[in-house]
Amino acid sequence: MGSKKRQARKAQRETFEQSLGDELGSLFAREDERRRQADEQREQQLRHKACERKKRYPTQRDAKFAIRDCERHGSRDLHCYRCPYCNGWHLTHKPAR
């Protein structure tokens, strides 16, 4: 067990960091890159789910016409919303906020 004194812990930490040298820096760089790639992949999956697999309407008017057509065929409670990814309009069954 190491010393509980603050100065002794600091010296132990400095000794440990010096023994690692550049290895510690590259470890952090690899972890940062892994996290960046994971975030990018998560964003791509979200975009696909929220936008790319859905039908896009160029205007709100077109989306509302599509809602009326769907209602004629039995689909109820549809709403349209502006997509933050493509700035088009998509349909949803979720109520407007």
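Everything quoted here is computed from the prediction, not taken from an experiment.
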What one should report as the nearest heavy-atom pair of Tyr81 and Ala50 is OH-O, 3.7 Å
Whether over 12 other heavy atoms sit under 6.0 Å from Glu14 CD:
yes
Is Arg36 salt-bridged to Asp39, cutoff N-O under 4.0 Å?
no
Smallest separation among heavy atoms of Ala63 and Trp89, with atom names:
CB-CB, 4.0 Å
Gln37 versus Gln41, side-chain donor and acceptor atoms under 3.5 Å
no
If you measure from SG on Cys51 to CG on Asn87, what distance do you get to the nearest 0.5 Å?
9.5 Å
Closest heavy-atom pair, Gly88 versus Arg56, reported as atoms and distance to 0.1 Å, is CA-CG, 4.0 Å
Would you find more than 12 non-hydrogen atoms of other residues, nucleotides or ligands less than 6.0 Å from Arg82 atom CZ?
yes
Minimal heavy-atom distance between Ile67 and Cys80, with the atoms involved, is CD1-N, 3.8 Å
Residue Asp77 excluded, over 12 heavy atoms near CG under 6.0 Å
no
Please step through side chain to side chain contact (heavy atoms under 4.5 Å, CB included) for the pair His79 and Leu91, ending with a clear verdict.
CA-CA 6 Å; His79 307 280; Leu91 305 183; over 6 Å; no
Go through Arg47 and Glu52 one step at a time and tell me if the side chain to side chain contact (heavy atoms under 4.5 Å, CB included) criterion holds.
CA-CA 6 Å; Arg47 181 184 180 102; Glu52 293 172 355; 3.2 Å; yes
Backbone N/O of Lys55 and side chain of His90: donor-acceptor pair under 3.5 Å
yes
With a 6.0 Å cut-off (strictly less than), is the heavy-atom count around NZ of Lys54, excluding the residue itself, greater than 12?
yes
Looking at every heavy atom in both Tyr85 and Glu43, which two are closest together, and how far apart are they?
CE2-OE2, 3.1 Å
Is Glu33 paired with Arg30 through a side-chain N to carboxylate O contact shorter than 4.0 Å?
no
Considering only NZ, NE, NH1 and NH2 on the basic side and carboxylate oxygens on the acidic side, decide whether Asp69 and Arg72 come within less than 4.0 Å.
yes
Which atom of Glu71 lies closest to which atom of Arg76, heavy atoms considered:
O-NH1, 3.4 Å
